[in-house]
There are 2 protein chains.
Amino acid sequence: MNIPELPVDHDITDQESVYARLRHAIMVGTIEPGTNLTMRGLAEAMGLSPTPVREAVRRLSSENAIEILPNRRMAIPEMTLGRFEELVALRVTLEVHAAERSLPYISDYVIEKLKEIDEAMDEALREENLDKLTILNQRFHRMLYSVNPNQVCVPAIESVWLQLGPFQRQVVKRVKEFYKIDRHKEILTALRARDVAALMNATESDIREGSSRSGRLVLTENLTTR
Amino acid sequence: MNIPELPVDHDITDQESVYARLRHAIMVGTIEPGTNLTMRGLAEAMGLSPTPVREAVRRLSSENAIEILPNRRMAIPEMTLGRFEELVALRVTLEVHAAERSLPYISDYVIEKLKEIDEAMDEALREENLDKLTILNQRFHRMLYSVNPNQVCVPAIESVWLQLGPFQRQVVKRVKEFYKIDRHKEILTALRARDVAALMNATESDIREGSSRSGRLVLTENLTTR
DNA sequence: ATTTAACATATGTGATACCATTTGTGAACT
DNA sequence: AGTTCACAAATGGTATCACATATGTTAAAT
């Protein structure tokens, strides 16, 4: 298993750095669904004792990113078609909600920042750098929702991202086949016009086209090939 | 501080029992907003070493039920009017979504079970047993959303409950002043009729009237008295 | 009397040790 | 060859200890 390192912020506890590393790895899909994890294995892989690893893993289990089996062993959950549909539906509901409640707080400065992220995404797409694409896409959405000063839904949204993450890698390869219209451009237009309805529409389309269709295809293909 | 004990399920780890106890205490509002917590304090209060307590507390911090301060100390977050409005709005969105997606899986058996819970709530209201009322209300909603076999939003919903919990105690006393129409009866009627629109409406009204109005009043009163 | 400095106490963090349980392996048996 | 049993290794769970940092307190200095 390959858990990418992350820039080490000093003055951070080991537990938090393990948490950040695992979270990142899961979110970009580095760890395959069904992978079994062990405290000691992870600890050794990161050169730490099991103690901080346990705390990080427990946190991720509470975010439903890691599944605790009845044997007290841990694994990255498998994806099923039913669960996938529910997760995408929840993602749409949560992100449309978050976008709607962010609009009143949007500034031209933030719109400019979002445009820059979107341009970087175009480049990542040309380079076919899928990890980068995933990260930037999440950054785009997170920044939008975070302009709401009392924002409370990003954690819930990220939990959904975490649950879709391991499955992401299989899906993202297909994105180019499906993602014809750039919905981020539509989101930006809606933001500039302060148009709630258009914003909600664009957000929903972005999510649906970005992963829903291709994800469903991958899952149904897997079913037929088995 | 008073952290109620919970029925001890054997074959459960200490970490999980601490987690369950703290979670329950927070959710019914036993612990006041702003309370400072310490690992060793909690450990001593529960007769355990700090290790399992740390893991439980970390999980709750990832669910935004416990706040980790920059000093590495922990506290139950204070409530503000802005955060409260956001939490209620998120609760409405999530629970309306969950209810909608549960309806197709509803059976007469479950409707009967829900009716029983609702009747127990009527009794708790007569007895003015507010803790029991809170627990039963949560059980009612959780059971409804859980009939969806691929359900993935209950954890997100419970995270919101956790964040509203500490503030709950101040609010729930007022509920009688505001909660005139029994929306649970409306929910049951909508379920029996398999009427999506009515179900979503009743769910939203239930949440709004159950806590939103009285909560906002408490918060604005606090602001003026300070 | 107020502020500052020094010291004692309390707290969070992480490594280690020990135990119970589970998993893995290999030999004996059918 | 397949199954079963016994033993070894691995793993999770918790307590304890050591260390660094933060907090609280007391005494000295202004």
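Residue numbers begin at 1 in each chain, while the letters A, B, ... track the order of the sequences.
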Backbone N/O of A:Leu144 and side chain of A:Ser102: donor-acceptor pair under 3.5 Å: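 Present.
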Check: B:Ser159 side chain, B:Pro155 main-chain N or O, donor-acceptor pair, under 3.5 Å: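 Pair absent, no side-chain N/O of B:Ser159 close to backbone of B:Pro155.
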Sugar-phosphate, base or nothing in reach of A:Glu55, heavy atoms under 4.0 Å: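 Nothing, no heavy atom under 4.0 Å.
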Counting side-chain heavy atoms from C-beta on, which of [options] comes nearest to [X]?
X: A:Arg73; options: C:dA15, C:dT22, D:dT14; answer: C:dT22
X: B:Pro50; options: C:dA15, D:dG13, D:dT16; answer: D:dT16
X: B:Pro52; options: D:dG13, C:dA15, D:dA15; answer: D:dA15

Short side-chain donor-acceptor distance under 3.5 Å, B:Glu85 and A:Asn150: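 B:Glu85 and A:Asn150 do not have a side-chain donor-acceptor pair below 3.5 Å.
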B:Gln163 and B:Arg83 side chains, donor-acceptor separation under 3.5 Å: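 The criterion, which ignores hydrogens and geometry beyond distance, is satisfied for B:Gln163 and B:Arg83.
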Distance below 4.0 Å between A:Thr51 side-chain N/O and C:dG14 OP1 or OP2: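 The answer is no; no side-chain N or O of A:Thr51 sits under 4.0 Å from OP1 or OP2.
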OP1 or OP2 of C:dT23 under 4.0 Å from side-chain N/O of A:Asn71: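 Indeed, a polar side-chain atom of A:Asn71 lies that close.
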Round to a whole Å and report the spacing from [atom1] of [X] to [atom2] of [N].
X: A:Asn36; N: D:dA10; atom1: CG; atom2: P; value: 17 Å
X: A:Leu37; N: D:dT11; atom1: CG; atom2: P; value: 12 Å
X: B:Arg54; N: D:dG12; atom1: CZ; atom2: C1'; value: 16 Å
X: A:Glu16; N: C:dG12; atom1: CD; atom2: P; value: 14 Å
X: B:Leu42; N: C:dT13; atom1: CG; atom2: C1'; value: 16 Å
X: B:Met39; N: D:dA22; atom1: CE; atom2: P; value: 15 Å
X: B:Glu44; N: D:dA15; atom1: CD; atom2: C1'; value: 15 Å
X: B:Ile68; N: D:dA22; atom1: CD1; atom2: P; value: 15 Å

A:Phe84 and A:Phe167 aromatic ring geometry - parallel, tilted or perpendicular at 30°/60° bounds: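 A:Phe167 vs A:Phe84 ring planes: perpendicular.
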5' priority, DNA chain C, between A:Arg72 and A:Arg40 [closest heavy atom]: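 Closer to the 5' end of DNA chain C: A:Arg40.
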